[in-house]
Number of protein chains: 2
Amino acid sequence: MRPDQALRWWKEVCLSQVTDRHPDLTLRQMTILLTIYLDPPPHTVRGLAARLGVTKPVITRALDTMGAMGLVDRRRDESDLRNVVIMRTVAGSLYLEQFADTILAVRQELHP
Amino acid sequence: MRPDQALRWWKEVCLSQVTDRHPDLTLRQMTILLTIYLDPPPHTVRGLAARLGVTKPVITRALDTMGAMGLVDRRRDESDLRNVVIMRTVAGSLYLEQFADTILAVRQELHP
DNA sequence: GGACGACGTTTCGTTTCCGAAACAGTCTAC
DNA sequence: GTAGACTGTTTCGGAAACGAAACGTCGTCC
């Protein structure tokens, strides 16, 4: 794949996100969401913060926002009540599933 | 390419953008930038607004921000002074070039 | 059991973006 | 030449995210 093909692919996916999708996720929010669903659990606030190289409040706020959207869920860790484990949700899985479809559909369009 | 591979690819690219890149572009800003550099010129504010399905002020503000970063430039259309044509810059080309490298590098890492 | 450290959250003030409406400047048509 | 349509921009109030610091809660360790 050539560089300009990669850029074109990325552009079309971004474009479809801008035009179609109503819940407009931040780059950080999207990264957090993908990390939660693709990396092996358990996920904690400090773990995500360290992984992304951001401060903890960034994670907390992103979880607030995406939690309100139903994309993620939080639960206290019973074994260590200081921790909060981030849970996946059906809505979140569906969201990313559709997003993956978009990525592949765009690819199909560009390189039939 | 399978759906989860696509998501994993997208995640890693987003992650590198979050951790590395200092100028953190919005999804809309990135889409505008890519459209300017990949679609055939000339580009105008109303054209971009129609293409992305957003209002004109969104484009104006994004151009302000990215213009301050040196990623794009604006010039009045001599033949019709109402229009503003958006110009590419060396810095913008370099930025997207490096971004394309990131995309391909991540891809190489995931599927060696 | 009390001091210390770690966890996630909240607060504070600032910055940025947003949508809708109003705006100044320019072209066009009559 | 003047009314009207069009360009891109600015304004307005409101919403959201930011960094840095302080906070309440909980575990650990002596």
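Quick caveat: nothing in here was measured; it's all calculated off a predicted structure. Residue numbering restarts at 1 for every chain, and letters A, B, ... go by the order of the sequence lines.
In the set D:dT7, C:dC18, D:dG19, the nucleotide with an atom closest to the side chain of A:V58 is D:dG19. Distance from the side chain of A:T55 is smallest for D:dG19 among the nucleotides D:dG19, C:dG19, C:dC7. The side chain of A:P57 sits closest to C:dT9 out of C:dT9, D:dT9, D:dA17. The B:R74 side chain lies nearest to D:dT9 when the options are C:dC18, D:dG27, D:dT9. The B:T44 side chain lies nearest to D:dG8 when the options are D:dC26, D:dG8, C:dA21. Nearest nucleotide to the A:R28 side chain, out of C:dA20, D:dG19, D:dG8: D:dG19. Nearest to the side-chain atoms of B:R82 among the listed nucleotides C:dG8, D:dC18, C:dC27 stands C:dC27. Comparing C:dC7, D:dA17, D:dG8 by their nearest atom to the side chain of A:T65 picks out D:dA17. Distances from the side chain of B:K56 to the nucleotides C:dG8, D:dC18, D:dT9 place D:dT9 closest.
The two residues B:M1 and B:R107 come nearest to each other via the heavy atoms CE-NH1, 3.1 Å.
Phosphate contact (OP1/OP2 of D:dA17, side-chain N/O of A:Q29, threshold under 4.0 Å): present. In terms of phosphate contacts, A:T60 brings no side-chain nitrogen or oxygen within less than 4.0 Å of OP1 or OP2 of C:dG8.
Straight-line distance from the CD1 atom of B:I59 to the P atom of D:dT10: 15 Å, rounded to whole Å. Rounded to an integer number of Å, the gap from B:L48 CG to D:dT7 C1' is 14 Å. Rounded to an integer number of Å, the gap from A:D64 CG to D:dA16 P is 12 Å. Whole-Å rounding puts the B:D80 CG to D:dG8 C1' distance at 11 Å. If you take CG of B:D24 and P of D:dA16, they are 19 Å apart, rounded to a whole angstrom. The nearest whole Å value for the distance from the CE atom in B:M69 to the C1' atom in C:dT16 is 11 Å. Here C:dG8 presents its C1' atom at 12 Å from CG of A:L81, a figure rounded to the nearest Å. C:dC17 atom C1' lies 14 Å from atom CG of B:L63, rounded to whole Å.
A donor N or O paired with an acceptor N or O is found under 3.5 Å between the base of D:dG19 and the side-chain atoms of A:R61.
Under the 3.5 Å distance criterion, with hydrogens and angles disregarded, no donor-acceptor pair is assigned to the side chains of B:T26 and B:R28.
Of the candidates B:I36, B:I59, B:L63, B:I36 is the only one forming a side chain to side chain contact (heavy atoms under 4.5 Å, CB included) with B:H43.
Looking at A:T89, its side chain does come within 3.5 Å of a backbone N or O of A:G70 through a donor-acceptor pair.
Between B:D39 and B:R51 there is a salt bridge, since a side-chain N of the basic residue sits under 4.0 Å from a carboxylate O of the acidic one. Using a 4.0 Å cut-off between a side-chain N of Lys or Arg and a carboxylate O of Asp or Glu, B:D64 and B:R74 qualify as a salt bridge.
When heavy atoms are screened at a 4.0 angstrom cut-off, B:D77 is found touching no nucleic acid atom at all.
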